[in-house]
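The block underneath contains the structure these notes are about, expressed in structure tokens.
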Amino acid sequence: MKQNSKENIYSLIGFGKVFRFTLKQTLKNKGFVVAAVMMIFMMGMMKPLMYFMSKSTQNSSQRMMSASISEVEAARLFIYNETDYTIDKEMMNPPATEPVKAGFLDPKNITIYNKDEAKEDELIAGLTAKDILVVIRPEIMSYTVNGIIADASDISVKSLDNATSYVEKMFTDTRKSQMSLDDDTLKSVSAGVSMNDVATATEFHNEKDFTMSQSEFNGLILGFCLIIMVVSSLSASYIISSVNEEKTSKLAETLLVSVRPMALLLGKVLGMLIFVAGTIVIGGLTSYIVDFLMHNVMKLDMSGVTQQSGINLAIFTGYGAKGLAVFFVEIVIALLTFGVLSGIMGSACSKTEDQQNATTGVMMITMIGYLGCVMYFGMKSDMALLGSLIPPFSFFMAPVAYIGGRISLGILLASFASQIAILIGLLVLGAKTYRNLLLSDSSRPKLASIFAAAKN
């Protein structure tokens with residue numbers, strides 16, 4: 001089909017028709033609908049899954065820490081404590097709460113030796129086939145608890161593990177009591193210390209003036225970048241698949257009779273983005289509803305469940321009207337940009353097998369932006385500034401850096417301007433190439449096909 005030389009390639013005639021058609025066809029596509037339902041279900045069930053996994057891990061840890069000597073199949077248990085802490089022998093020799101089963105350890109047969117009360121070599125040499133020796137040894141910055149049995153021992157691995165777990169718990173309780181530390185104090189002492197490399201006085205004062213700490217900033221980066229990456233990746237896959245399906249079925253030729261190329265491209269992109277964004281929003285709302293029910297109806301203790309168990313919509317509600325506006329504008333620009341790029345890449349596919357390469361190309365760009373911000377540009381203030389101005393990182397970094405106090409409003413607006421310029425450039429490229437690419441069955445490399453179509 002030859003393009004009319006007088007046709008306005010930037011015309012949006014037929015946009016509404018394509019938009020409604022795309023959205024309707026997407027909702028009719030069983031594959032898209034099933035994928036959307038599965039995603040909503042996973043987002044909604046992620047919090048309960050994390051809860052039960054947390055409880056399972058906690059119960060397993062508690063079982064290991066509370067291993068009872070009644071679960072140890074042995075005749076005697078010797079404990080040799082080489083540390084400076086003194087183990088209370090009465091605490092380690094609890095009275096039996098139930099009759100001791102045949103073959104299992106009787107509490108009366110636990111012998112404790114604190115520092116200098118015995119010699120390790122002699123204890124090891126005296127072990128019989130039914131004996132266990134547990135040695136508590138100090139290291140440079142920690143302690144080790146080793147279970148030892150005779151060479152020709154009848155002790156099972158399970159019984160040896162239960163014995164060492166029991167001794168380890170008792171020794172931990174001894175240390176806490178003799179240091180007069182409660183659980184909160186012990187956690188505080190054990191907490192790590194974060195070190196930031198600040199080279200100049202200016203950087204030091206900038207760090208103090210930031211509106212949120214580095215840990216809060218990192219959490220915000222992770223949440224926002226994850227939303228951009230997930231939605232952009234899903235949109236890319238859907239758009240490329242839909243465009244290629246219309247191209248291979250010759251439906252595109254029919255549409256181009258009454259619809260301008262720009263309208264066809266934008267209608268396709270926005271129709272798919274509305275579908276994907278709606279899926280994310282419904283999934284997020286489902287997650288919050290399930291979370292509300294778990295807290296207020298089922299009265300479950302959620303204290304041990306990580307807050308990152310689902311997409312955190314507090315990113316839109318926790319930073320006021322300014323935060324809501326900034327994040328919303330960035331998401332719109334990013335999704336339009338990656339969506340238009342996906343449409344162009346999809347139109348360059350000449351057969352179904354090409355979809356994977358086109359999808360991989362778009363997803364690679366989003367992954368580079370995501371990983372660069374999460375692992376590099378978000379670590380220091382000067383890196384946040386660079387990440388906010390360099391695409392594709394700026395799509396992920398700029399709004400977070402502004403809300404976190406790392407860049408000024410002027411830098412944010414400059415970042416938005418550069419992103420909009422990229423979007424406009426892609427729209428111009430799409431207007432010049434979309435019709436020719438849809439009607440072409442060229443087997444040339446995709447970038448070569450796109451630029452060749454632009455020249456024509």
So Asp161 and Lys158, do their side chains get closer than 4.5 Å, heavy atoms only?
no
Would you give the length of the straight line joining atom CD1 of Ile124 to atom OH of Tyr80, rounded to the nearest 0.5 angstrom?
10.5 Å
Got a second to check how far Thr26's OG1 is from Ile274's CD1, nearest 0.5 Å?
11.0 Å
Donor-acceptor pair, Thr359 side chain versus Gln356 backbone, under 3.5 Å?
no
State, to 0.1 Å, how close Cys225 and Phe396 come at their nearest heavy-atom pair, and which atoms those are.
SG-CB, 3.5 Å
Between Asn146, Thr83, Asn81, which is the residue that forms a side-chain hydrogen bond (donor to acceptor under 3.5 Å, both in side chains) with Arg137?
Asn146
How far apart are the closest heavy atoms of Ile148 and Leu127, and which atoms are they?
O-CD1, 3.9 Å
If only atom types and distance count, is the side chain of Tyr143 paired as donor or acceptor with the main-chain N or O of Ile136 below 3.5 Å?
no
Donor-acceptor check, side chain of Ser165 to backbone of Asn162, threshold 3.5 angstrom: yes or no?
no
Look up atom CG in Leu389 and atom CD1 in Ile411, then write down how far apart they are to the nearest 0.5 Å.
5.5 Å
Quick one about Thr164 and Glu168 (side-chain donor to acceptor, distance below 3.5 Å, no hydrogens or angles considered), yes or no?
no
Taking the side chain from Thr279 and the backbone from Ala36, do they hold a donor-acceptor pair closer than 3.5 Å?
no
Backbone N/O of Ile87 and side chain of Asn114: donor-acceptor pair under 3.5 Å
yes
How are the rings of Phe327 and Phe224 set relative to one another: parallel (under 30°), tilted (30 to 60°) or perpendicular (over 60°)?
tilted
Side-chain contact test, heavy atoms from C-beta onward, threshold under 4.5 Å: evaluate it for Glu330 versus Phe416 and give yes or no.
yes
Taking the side chain as every heavy atom from C-beta outward, state whether Thr366 and Ile228 have any pair of such atoms under 4.5 Å apart.
no
Donor-acceptor contact below 3.5 Å, side chain Gln419 vs main chain Ser394
yes
Let me see the working for Val326 and Tyr402 under side-chain contact (heavy atoms from CB on, under 4.5 Å), right down to the final yes or no.
CA-CA 9 Å; Val326 169; Tyr402 174 68; 4.0 Å; yes
Treating Asn109 as the side-chain partner and Ala75 as the backbone partner, does any N or O pair qualify as donor plus acceptor under 3.5 Å?
yes
Please step through side-chain contact (heavy atoms from CB on, under 4.5 Å) for the pair Ile149 and Asp154, ending with a clear verdict.
CA-CA 9 Å; Ile149 53 179; Asp154 296 333; over 6 Å; no
Working to the nearest 0.5 Å, report the span between CD1 of Ile227 and OH of Tyr370.
11.0 Å
Determine the sole option in Ile79, Leu123, Val135 for which the side-chain contact (heavy atoms from CB on, under 4.5 Å) test with Tyr113 is passed.
Leu123
Rounded to the nearest 0.5 Å, how far does CG of Leu222 lie from SG of Cys373?
11.5 Å
Which heavy atom of Ala163 sits nearest to which heavy atom of Leu77, and what is that distance?
CB-CD1, 4.4 Å
Minimum heavy-atom distance between Ser159 and Ile132, given as atom pair plus value
O-CD1, 4.2 Å
For Glu73 and Ile155, which heavy atoms make the closest approach, and how far apart are they?
O-CD1, 3.2 Å
Short question: side chain of Ser241, backbone of Tyr238 - any donor-acceptor pair under 3.5 Å?
no
Does Lys130 reach the side chain of Arg76, with side-chain heavy atoms less than 4.5 Å apart?
no
Indicate yes or no: at least one non-hydrogen side-chain atom of Lys119 is less than 4.5 angstrom from one of Asp121.
no
Working note: Thr360 + Met363, criterion side-chain contact (heavy atoms from CB on, under 4.5 Å); need CA distance, chi angles, decisive distance, verdict.
CA-CA 5 Å; Thr360 300; Met363 292 183 67; 5.8 Å; no
Nearest 0.5 Å please: distance from the OG1 atom of Thr22 over to the NZ atom of Lys268.
3.5 Å
Is there side-chain contact between Met397 and Arg406, with heavy atoms separated by less than 4.5 Å?
no
Assign the ring pair Phe338 / Phe395 to parallel, tilted or perpendicular, where the plane angle (0 to 90°) is split at 30° and 60°.
tilted
What are the two closest heavy atoms between Val362 and Ala236, and how far apart are they?
CG1-CB, 3.6 Å
